[in-house]
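To start, the structure itself, in structure tokens.
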Amino acid sequence: MQRDKFFREIENVRHPNEKLIKTHCSYCGMQCGMNLRVNTMTNKIIGVEPRYDWPVTVGKMCPKGVTAYQQTNHKDRILRPLIRDDASLKGTKEGFREASWEEAYDLIAKKFTEMQATYGKDTLSVFSGVSMTNEKCYLTGKFARVALGTRYIDYNGRFCMSSAAGGFLRSFGVDRGSTLPWTDIHETDCLFIAGSNTAECHPTSMFRVWHVQERGGYIIVVDPRETPVARRADLHLDLKPGTDLALANGILHLLIENGYADENFIHEHTNGFEETKELVKEFTPEYTSLLTGVAPEKIIKAAEIYGKAPNAVVMFARGIEQQHKGVDNVSAYTNMALVTGKIGRPKSGVATFTGQGNGQGGREHGQKSDLLPGYRKLTNPKHVEEVSKVWGIKPEEMPKPGVSAYEMFELMNDKTIRGLYLLCSNPAVSAPNLNVVRKALKSLDFMVCADFYLSESAEFADVILPSVTWSEDEGTVTNLEGRIIKINKAQEPIGESKPDWQMQVELAERLGRGKYFSHLQTAKDVADEFRFASKGGYADYYGATWDKIDKQDGVFWPCKDENDKGTPHMFLDKKFYHPDGKAKICALPYRPPAEEPCKEYPLRLTTGRVVYHYLSGNQTRRIQFLKDMCPEPYVEVHPETAAKYEMVHDERVRLYTRRGESIYKVKITEAIRKDTVFVPYHFGHEASINLLTIAALDPMSRMPEFKACAAQMQKLEPKKVL
Amino acid sequence: MKKRLYIELENCIGCRSCLAACTQCGGHEQRNRNYVYDVNPHVSRQTMPLMCLHCENPACARSCPAQAIQIHETGAVLSALVEKCIGCQNCTIACPYGIPKFDEEENLMYKCDLCIDRTKDGIPPMCASVCPSNTLQWLTEEEIERKQQQYDLDNGKWVTSMPYLEGATNVKVNLPGILQGTEKLF
């Protein structure tokens, strides 16, 4: 099924004494298919072979994917639990000693119990991530609420997908990252891509993206930088960071003004049009240009192309979402599809490029401070009752909603939270305003970190539990299309490492909560309970059995029962998920970034990824090939700006904001706005750009504004020659 | 059906996945054998791969005094035979594209062999298998013919094995500029 023009029947190379385990990449939301090569004599992973028969990516992989297998048997793996007795060494790599699982569990259980007895249940917190299977994400939510009984659980999706989720919920009443399968992308006539460095962050989308142009279609890219996809785009709208809402309103105004609105669709299937039409009236091309810095004729041209296109897909990513109006940006760009009726049919729709491997599934099943499995809400008594029943607890035992990721660090600093169980995330690099975050981690009375490498965040822990890589466990993830896929186990866990779900079951037993967890002895056990827990929620996975996933090349949710094949295209019946079945066109007044440039801080700082690294870099910075290609961060500066500051290429300069500073090598390039500088965020310790970023949070999604703040640069004092 | 490596330079996004994948071919001893260049890094993010073109009459093999560079029946110009290579580096100088690399420690030349372990059985080479942007493709003669017709612009923009390359090559290259002649849908 879904075999398109890029699909080829190709036999894999098979070497003697080797087997191929079909699975997916450990990194981004593309979840490219791959085969891991396993030596049948040593039973170790030794390499990678393309998975030509995976319909989404047909064997293609980026350099992270090609080298992903090198994580498993890497020399930096943590092989046994580590305990640090001297708390004064927190924030360093020093002082850890190896311990048995028994000792580590005993210590954690003792500390957690004592702390909760003294300070109450909510003194503990869980900070999680979505680069792991649905089963693990699901169980982590249950672990926090049933084993620890704390309200404070949240996850790194707050730094990634939460604005997309918020925007889709408001516009459609449902949050599935893409309304259409990726196998439609190359067949559309216009791709409108905002705030996505697609070629570097989701490279295996690119053969489909380029094909749109090869067919005579159009690519429009909105980005302050001329990224590799912007370089070849038909139209590059080079806006000031943090001004997307104005641009989206400006384009919507022209779409309405010039007759591209689909009156019938608007009338039958949406609410909010008249109000929105009124609001966007003031966003003339001239006014929009004034706010965004994009030439009026480019705005007019973009609206014309998108308006005329028989089919079009609006796509976006963290560029528009990591703003303190990220949710509004998502709804504003989604307005374009709703007003023109380019949604709810093949080859047209709206999609976000999911950042993390399981960014979609991981946000649906109860790791978020206010959500329960199946995208149920903690504030809805009926939802609480449904999940309590599955978990075997009384509804009144269910903890209340907590706070978002960054806000948890604030609560650590004021001692509301004194204990932390951290897994699958590295907030000491990836969170904004890191001076505050690192202080919070250091201030904790007791911190546990489960990871397979000693991350920058693990340096703050009292106990480190060795978890497994993705290749040593099995389970499902949900890719950026909303397709549930299967990760397969290629090798036994190395050393004494264990999957996160197993640690949580064993810890729950130590904490006297075994009766809610002890029946979960395999990843499959967790999967079965998880499917059941999601049943009846709108992110319904009940019918997505492992067997069906294998047979169908994945299952798109919602998938309600055994006979349901899943839902590749959303809204084909033009029914949206709000109670009246209509989508919402949103009237969204413009507001500037939280921190605008000023005399003292005249530059706009924006951050992002490079193709060689993933998230905080805890994994990719250890892979030799990737490290060789991009060993350190840099600041991208336009040559005219560099000349003004009298800076030359490769010179080290001080970059600073109101919150922090760091030193970076200057990389001179014309492929960036003159008023903007860019630094990649994958690096730790003093090289982290997040020391400088602002924690201005979106009021709905609680997403920090990573993408825009005010900064200044300074030449370093010349070194004295002795 | 004979397939060839086809390079669509306009598509390159500079991810260097081809280089990472090169190290994964069974016979490549974890060393990558080709190149990706930033065309003009201070100006734009344009990049281009420089792969061995597998010349029909390869200068590297012609220049080898030890006949260490063999040409496979598929047309692939192989890496130096370990037992024959004398480490003179003539090939690295003779190749007009600077493809052969030299291992100082082993005193041995090594170069792209078009993943001969794969391509001898019709399986695409690692670089073209993984290339996320379809810069590197593994195509039949007919598919390449169609590309040539599609992009035959002013009879000269399409440059495969033109005289100013080193004669005819097994790998076909399409220079940047493909979009200039594309007819827009609307």
Side-chain angles (χ1 to χ4, degrees), chain A residues 6 8 10-13 15 32 37 47-50 52 57 59-67 69 189-190 198-200 202-207 209-211 213-218 225-232 234 305 308-310 611-612 625-626 629 639 649 667-671, chain B residues 3 8 10-27 30 32 36 38-47 115 117-140 147 150-151 176 178-179 181-186:
Chain A
F6 297 107
R8 303 266 189 287
I10 298 171
E11 282 282 308
N12 280 111
V13 172
H15 299 277
C32 302
R37 290 166 54 198
V48 68
E49 168 72 18
Y52 299 109
T57 51
K60 295 175 178 304
M61 287 179 272
C62 80
K64 299 183 290 290
V66 170
T67 53
Y69 77 93
D189 306 313
C190 171
T198 317
E200 294 203 70
H202 299 86
T204 50
S205 292
M206 286 308 295
F207 66 101
V209 171
W210 286 158
H211 194 71
Q213 271 183 327
E214 247 181 78
R215 283 178 37 250
Y218 293 83
R225 302 160 66 216
E226 195 195 78
T227 58
V229 64
R231 184 184 74 80
R232 200 181 122 168
D234 295 272
I305 294 171
K308 275 187 186 164
V611 68
Y612 305 110
F625 180 85
L626 304 174
M629 292 295 147
H649 189 68
K667 184 173 167 183
I668 290 186
T669 174
E670 286 176 27
Chain B
K3 289 195 174 187
E8 188 74 85
E10 185 75 68
N11 286 355
C12 185
I13 56 173
C15 72
R16 293 169 174 81
S17 200
C18 48
L19 303 187
C22 190
T23 66
Q24 295 304 307
C25 185
Q30 304 278 318
N32 74 66
V36 175
D38 297 319
V39 175
N40 195 353
H42 294 333
V43 174
S44 87
R45 279 175 234 277
Q46 186 179 12
T47 51
C115 294
D117 285 356
R118 307 175 71 87
T119 52
K120 71 176 163 47
D121 300 322
I123 303 170
M126 283 302 286
C127 55
S129 295
V130 302
C131 177
S133 62
N134 267 352
T135 303
L136 306 172
Q137 303 180 41
W138 185 244
L139 300 181
T140 62
K147 293 270 183 199
Q150 186 182 351
Y151 298 123
I178 53 170
L179 298 175
T182 310
E183 205 172 304
K184 285 292 185 188
L185 290 169
F186 57 91

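In what follows, chains are A, B, ... by sequence order, proteins preceding strands, each numbered from 1. What's counted below: heavy atoms across the whole structure, side chains too, no hydrogens, waters or symmetry copies.
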Pairwise side-chain contact, [X] with [Y], heavy-atom cut-off 4.5 Å (strictly under):
X	Y	answer
B/M126	A/P50	yes
A/F207	B/T135	no
B/F186	A/I305	yes
A/E49	B/R118	yes
A/D234	B/K184	yes
B/W138	A/I10	no
B/S133	A/W210	yes

Between B/T47, B/V130, B/N32, B/D117, which residue shows the highest count of heavy-atom pairs closer than 4.5 Å to chain A?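 The residue among B/T47, B/V130, B/N32, B/D117 with the greatest pair count is B/V130.
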
Which residue out of B/P124, B/A128, B/C25 racks up the most heavy-atom pairs below 4.5 Å with chain A?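 Of B/P124, B/A128, B/C25, B/P124 has the most heavy-atom pairs under 4.5 Å with chain A.
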
Evaluate the ring planes of A/H649 and B/H42, with Trp represented by its six-membered ring, and classify them as parallel (under 30°), tilted (30 to 60°) or perpendicular (over 60°).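 Perpendicular.
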
With a 4.5 angstrom heavy-atom cut-off, which part of A/T67 approaches chain B: side chain, backbone, both or neither?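 Contact with chain B: side chain only.
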
With B/P132, the side-chain contact (heavy atoms from CB on, under 4.5 Å) member among A/P63, A/S205, A/C32, A/P203: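 By the side-chain contact (heavy atoms from CB on, under 4.5 Å) criterion, B/P132 pairs with just one of A/P63, A/S205, A/C32, A/P203: A/P203.
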
Can you tell me which portion of B/E183 sits under 4.5 Å from chain A's heavy atoms? Options are side chain, backbone, both or neither.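 Contact with chain A involves the backbone of B/E183 alone.
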
Can you say whether B/Q30 sits under 4.5 Å from chain A via the side chain, the backbone, both, or neither, judging by heavy atoms?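 Interface part for B/Q30: side chain.
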
Applying a criterion of heavy atom separation less than 4.5 Å, what residues of residues 11-18 of chain B form contacts with chain A?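 At a heavy-atom separation under 4.5 Å, chain A is reached by B/N11, B/C12, B/I13, B/G14, B/C15, B/R16, B/S17.
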
So does B/C131 get a backbone contact from the side chain of A/K60, meaning a donor-acceptor N/O pair under 3.5 Å?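 Checked: pair present.
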
